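Every value quoted in this text rests on a predicted model; they were computed, and no experiment measured them.
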Amino acid sequence: MGILDRFFRPPTEAEFATLLCKAFQSAGDPRTYVYEAAQRRVVGTCEGEDTTTFNLVNLYATFLDVPKSQRAEWLKQTTIGFLVAGKELPESFEDVKSDLLPMVRSRVMPELARLTQEMSNGGKERNVSVALTEELAVCLVYDLPTSMRFLNDADLANWGVNVYEALEVARRNLDERPVDMYASIGDSVYIFQAGDAYDATRMLSLELIRKLKVRGAPVALPITRDYLLVTGADDADGLRIVADLAEQECSSPRSVCAVLHVLVGDEWQAWEVPEDHPSAEKLRLLRLRFRHGEYEEQRSVLNEWTQDQGIDAFVAGFMVFENRDRGLVKSFSQLSKGVSTWLPQADRIVFFDPQTDSKHYADWNRAVELLGDRMTRLEHWPPRWAIDGFPTNEQLAALSTDPW
């Protein structure tokens, strides 16, 4: 490596981890931090205290987005924020209620936090979350000017309140926040981008959403925590603009969800545009790429969790391919003969026999119909299925289909 590379290339994740550990030390944290490259995390330990873990995927991506001249200050404020968030909470609910806020996140976030907490503390302290839709969850945050802390079941128990009481207070606090940072593109699309980490969460403010002039039922896309798009279900141009804007934002380290949601009554529901919609394939590709990221995060945690639980299972990957000649996008997961596998739900299953080096492609729904007694839905999100055994030759013949 030349000297210019050292000056001008971006820091590697390992180098960032070293900077993060030093920043914690400079902030007075007594823990000893170690970078675990395989798990992409930094783990802090201190005698007599619980282990502290920081996943680096989003932190590192956010760090790279910060201008070089501001990175030192960002590291300082970030580490101080983490340390402040770890301090004791007020003893009285009255003292904390004005600083409670809800936070909309992808359902995978609390799911993976649950698995991590099971490994670190036996699941005694689970972060508070309730389902908003199949794809989204609402978490509870103690929000301070310099930090935020996700609250857990033990916090609420100490205050003597249940999750629904606390979330109702948090929702009211969100509605009382002034919203002066949203813009419109013509009369088709509204963009919420206040940059306060609660833009995606503003889909909970139904009164605000209903005031927007859209054609048809309101449709929301909480693509990142700081970028919420809203249009109407009957607005083809609006949905096209949403697809284009979301494509630009989908690589953000603070992504939330790439699945459209439609407001039905007082409830949000996951929603897909009709197959013949001009933006259908673009939105589908966006959705599948997002799901790939979720499955990769899940796979990393499940590999460690299955080992911790003594479960012998191969956690399979989720693959997305685009056939540009045919204008199609599909997802694939592979089951190899003789391997106990936890399979992600995809458009196609690839049944692979390493002895004959043969592959058979099967439609997922058709496989469930034919092999349902061998497939067990696991309690994880995104969905995974354990498959007992391998199809017979007769079943493979019945299942085989064109990959596309």
[atom1] of [X] to [atom2] of [Y]: how many Å apart, nearest 0.5 Å?
| X | Y | atom1 | atom2 | answer |
| --- | --- | --- | --- | --- |
| Leu239 | Ser279 | CG | OG | 7.0 Å |
| Thr341 | Gln334 | OG1 | CD | 9.0 Å |
| Arg105 | Arg225 | CZ | CZ | 6.0 Å |
| Asp237 | Ile185 | CG | CD1 | 11.5 Å |
| Arg149 | Asn127 | CZ | CG | 9.0 Å |
| Glu249 | Gln193 | CD | CD | 6.5 Å |

- Test log, rule side-chain contact (heavy atoms from CB on, under 4.5 Å), inputs Arg348 and Phe321: CA-CA 11 Å; Arg348 295 283 189 267; Phe321 295 102; over 6 Å; no
- With Phe63 via ring-ring contact (aromatic ring centres under 6.0 Å, His included) - residues at least two apart: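 Partners of Phe63 by the ring-ring contact (aromatic ring centres under 6.0 Å, His included) criterion, ordered by chain and then number, come out as Phe16, Trp74.
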- Message: Tyr190: which residues meet the ring-ring contact (aromatic ring centres under 6.0 Å, His included) condition with it, sequence neighbours left out?
- Response: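 Applying ring-ring contact (aromatic ring centres under 6.0 Å, His included) to Tyr190 gives none.
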- Within 6.0 angstrom of Glu36 CD, more than 12 heavy atoms from elsewhere: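 Correct, the count exceeds 12.
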- Hey, mind stepping through Val163 and Leu140 against side-chain contact (heavy atoms from CB on, under 4.5 Å) and telling me if it holds? CA-CA 9 Å; Val163 59; Leu140 188 62; 5.8 Å; no
Whether [X] side chain and [Y] backbone form a donor-acceptor pair below 3.5 Å:
| X | Y | answer |
| --- | --- | --- |
| Ser205 | Asp175 | no |
| Thr18 | Ala14 | yes |
| Glu165 | Asn162 | yes |
| Trp305 | Leu112 | no |
| Tyr295 | Gln345 | yes |
| Arg215 | Thr231 | no |
| Arg107 | Glu134 | yes |
| Gln298 | Pro382 | yes |
| Arg384 | Ala316 | yes |

Tell me, please, which residues at least two apart from [X] pass salt bridge (Lys or Arg N to Asp or Glu O under 4.0 Å).
| X | answer |
| --- | --- |
| Lys22 | none |
| Asp266 | Arg210 |
| Asp99 | none |

Taking C-beta and beyond as the side chain, do [X] and [Y] meet within less than 4.5 Å on heavy atoms?
| X | Y | value |
| --- | --- | --- |
| Leu288 | Asp347 | yes |
| Val219 | Val242 | no |
| Val42 | Leu56 | yes |
| Phe192 | Leu208 | yes |
| Trp364 | Ser333 | yes |

- Tyr182 and Val230: CA distance, side-chain angles, deciding distance, side-chain contact (heavy atoms from CB on, under 4.5 Å) verdict: CA-CA 10 Å; Tyr182 73 88; Val230 180; over 6 Å; no
- Query: Are Arg114 and Glu118 within salt-bridge range, i.e. N to O under 4.0 Å?
  - Reply: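 Looking at Arg114 and Glu118, the cut-off is met.
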- Hey, are Glu322 and Arg284 close enough for a salt bridge, meaning a charged N less than 4.0 Å from a carboxylate O?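 So Glu322 does not pair with Arg284 through a salt bridge.
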- Could I get the full list of side chain to side chain donor-acceptor pair (under 3.5 Å) partners for Glu73, not counting sequence neighbours?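 Residues passing side chain to side chain donor-acceptor pair (under 3.5 Å) with Glu73: Gln77.
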- Using the ring-ring contact (aromatic ring centres under 6.0 Å, His included) rule, take Phe332 and Trp404 through it: C-alpha gap first, then chi angles, then the decisive distance, then the call. CA-CA 10 Å; Phe332 298 81; Trp404 296 97; 5.8 Å; yes
